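Chain A is the first sequence line, chain B the second, and so forth, proteins listed ahead of strands; every chain is numbered from 1. Any value given below was found using the heavy atoms of this structure, including those in side chains, with hydrogens, waters and symmetry copies removed. Source: prediction; values computed, not measured.
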Amino acid sequence: MEQKWQANWETKGIYSFDNDDSKKPVYFIDTPPPFPTGEFHMGGVLNWSYIDFSARFHRMRGYNVLFPQGWDCHGFPTEVKVEKKHGRNLSRAEFREKCLEWTHDVVSTMKTQMRQMAFSIDWNYEYYTINPEYYKVVQYSLLKMFEQKLVYHAQHPVLWCPTCASAITKAETEETQRETVFNYLKFECASAVDGVLLIATTRPELLHACVAVFVHPSDARYSALVGKTAVTPLYNKEVPIVADVDVDKEFGTGVVMVCTFGDKSDVVWTYRHKLSVIEAMDGRGRLKNSGLYDGIAGHSAKLKIIEDLQQKGFVEKQEKLVQTVKLHDRCKKPIELLNSLQWFIKLKGVEDKVKQAASSMEWYPEHAYQLLADWADGLEWDWCISRQRVFGIPLPFWYCDCCGEVLLPSVESLPVDPAKDKPPVEKCSCGGAFVGEKSICDGWVDSSITPLFVAGWPFDQKKFEHLYPAAVRPQGTDIIRTWAFYTILRCIVLVGAPPFKQVLVNGMVCGEKDGKKMSKSLGNYVEAKDVVARSSVDALRQWAALSGSTGKDNIFYWKDVLFAQGFLNKLWNASKFVEKATVGAADCRPDKLRLSDEWILSKYERLVKKTTDSLRAYDFYSALTSIHSFTWHDLCDNYLEDVKYRVYGDDVDSKQAAQWTLRRVLEGVLRLLAPFAPYSTEEIYSQLYSKGESIHSCKWPDAEEEYLNDGVEKIVGALHEVLSAVRKYKATNALALSEELSSATVIAPETTLKELADVEEEMRNVGRIKTVLFKAKEEGELEVQLSV
RNA sequence: GGGCCCGUAGUCGAUCGGUUAAGACGCCUGUCUCACACACAGGAGAUGCGGAGUUCGAUUCUCCGCGGGCCCACCA
């Protein structure tokens, strides 16, 4: 039935946002724009299921829901794919064209999967970060931030990926442990005891960029050397010996060489002590300024230099050392620090405003906020936003090749591509020429304005006021430090108000066999389409809710999916019963209800309240398990059994009361379940209730507290205790359940017996007991004596 | 080294201080009972990681261990 309903919903357009409706409150979801990889994986299933549960719930609650869908298209992986397919010899324009082609191909497969998952996206609000209108808004945002002096152009050491030949940021790095060689090198030093200073290093290939040697100020071994000089092996360069408290006395020999730049502390020391900068390598990781070794890259350079050092007797000894190395998260290759002219967004001084805005939001779960706060507290450098790649949004800047003066395009001319467009002004006032920036934006520059873009900023003020801020930002816990952080930052500086009111965080999906984050390389990977093929979309969606509380990592268990599928089967069969049992039933409420009817109505009322409260708090687990438990146990195990004799019997009043109750409760359950299982509920609803409307256009069940009835819950609860005893008796005595018992004696305190007298008829009929006797006792539990 | 999350039956996973600690999967025993054997009726299975404290009372709060996971710092 999945295809049938999917087509039906799309034809009816039941998920469309009504931009002109001013009566309904707006619920705008700042949906993640995924990177088009060609496959909608389980992480996406979890993320979008959460979003869709919330979207459907709010839609039914009377909100005007805006569920847009974007595509964050720029990025290295696409370039890599295109390079693989078409080689490296394409022109810039041709290359971009191929990237677009590839993107549209994979987006279309992902869209098919998302449609099948029944995500209630309004595709009229689909956007692509590769479209000119998106370029325009991103470039506009950079011009604004440049005017606010929050974007600047500067020479600065940046994290650099030699493999990708581009600047990257800390957020794009990951770490790995590896074993390396720790080389103890002999530096000539006239002031040292035997004329030699031993320095241990893992990076001998950077020796030519060594500008100083550092020791700890209180290190007695070397205090006499501070202010003197040492001579680098191989290059014979005289460098100063400097004291700094950040030197670790215990590590290596307690002497460290500073090269520009081996790691972050080199950068710190270089600036702190105003050391000169020698650029050790080029953008591809090949040595430069070394003389002999220029042009040799990375590992081969290291080997060659060690060989030469050994030959000339400069290596005292070598040790194995386990070292943590930073990798580029896209290509998994080691990164370097490189001095480079780049564009930056200022973070210093803004991070507190970001924290403040974030703390004013509701986070689900609450502690997820801490991840953002910790990240903000640990920030050290500004955000390098320029990338030396092709497939991305061009940075909208020209700069003077002589004085560095930055030239901006006019707003009307956006989007621009300074790499090929003529500058708006030919010559700089200093006489120099303006050159167009060739770098493109970091992908997070694109995606950090999603709530602004969807809301029509800055060109549609009316729409913007209507939509901004978004009600909720759903996203994975892994990108809090990037997507959430950058979005809040950019939005508060651009429009002065936080971008969303709530943040809904989902955990990572992990594999069943090892509990680790699902990945193809670990072999713990399950494809969504295989799950759907073996069960159903509705079952897979329910897994998202069943796999644990909101925000924590979710292990994919087949048992959850299979249970959900079993539940759907149960619901289907219960519906079949209700359908048969209520043929020809009137829709109006009968005057008199039986106690069992009142019992299930009271239980149902509690369910409505529980489900509503849970969904408002984004607690999908509680919401769905409550529905499951009510449907399976209260409705099917108890109530359906209670009413069988009535709907098959001749007492018209009793029959009508049961029929009305059955229909009312089942319909309520279907509505409560509709956000989780859109296909099954729609199918059943269409067969039993619909006059043409979709269940997804229906109202969420109202709380009707007059149906709450503690007294009746207690009485019928006691009735069910008796019936349970009857079933147990029949089971242990190998009697058929349909077998009639001659008598049952219920022994209980007087007050309980009085109440049970009201359900005596039900007791006899449901339990198939000829005579029921009541016997009073002082106090204690209810007992039942039975005989054939 | 700092921060955050977590540690409940074979497996998963609720219970935001109070009677016999949900529920699911799995396991055992019955039953084809007219919605459902993809079911029903029963049953076994947890000293709630260890220790201390707060409290009349702790699985639930605090602290200290131990053990996992994530993030950050360090990593010459």
Would you list the protein and nucleotides 8-13 of chain B atom pairs, both N or O, that sit under 3.5 Å from each other?
residue : atom : partner : partner atom : Å
B:rG13  : O2'  : A:Y621  : OH           : 2.9

Pick the nucleotide of RNA chain B nearest each of A:Q370 and A:S622; which residue has the one closer to the 5' end? A:Q370
Which part of the nucleic acid does A:R178 contact within heavy-atom distance under 4.0 Å: base, sugar-phosphate only, or nothing? nothing
Given B:rA73, B:rC36, B:rA76, identify the nucleotide with an atom nearest to the side chain of A:T201. B:rA76
Looking across every strand, which nucleic acid part, if any, lies under 4.0 Å from A:E366 by heavy atom: base, sugar-phosphate, or nothing? nothing
So, with a heavy-atom separation below 4.0 Å from RNA chain B, the residues of residues 257-271 of chain A are A:D263, A:K264, A:S265
Sorted by chain and number, sequence neighbours left out, salt bridge (Lys or Arg N to Asp or Glu O under 4.0 Å) with A:D613 holds for A:K609
In terms of ring plane angle, is the pair A:F676 and A:F53 parallel, tilted or perpendicular, where the classes change at 30° and 60°? tilted
Between protein and nucleotides 41-45 of chain B, what N or O pairs are separated by less than 3.5 Å?
residue : atom : partner : partner atom : Å
B:rG42  : OP1  : A:S724  : OG           : 2.9
B:rG43  : OP1  : A:K728  : NZ           : 3.1

Pairwise side-chain hydrogen bond (donor to acceptor under 3.5 Å, both in side chains) hits with a residue in residues 371-381 of chain A, at least two apart: A:K264-A:E380, A:K355-A:D377, A:Q370-A:D374
Solution key, residues 250-257 of chain A side-chain donor-acceptor pairs under 3.5 Å, sequence neighbours excluded:
residue : atom : partner : partner atom : Å
A:T253  : OG1  : A:L198  : O            : 2.7
A:T253  : OG1  : A:V255  : N            : 3.3

Using a cut-off of strictly less than 4.0 Å, decide whether A:Q323 has a side-chain nitrogen or oxygen near OP1 or OP2 of B:rA76. yes
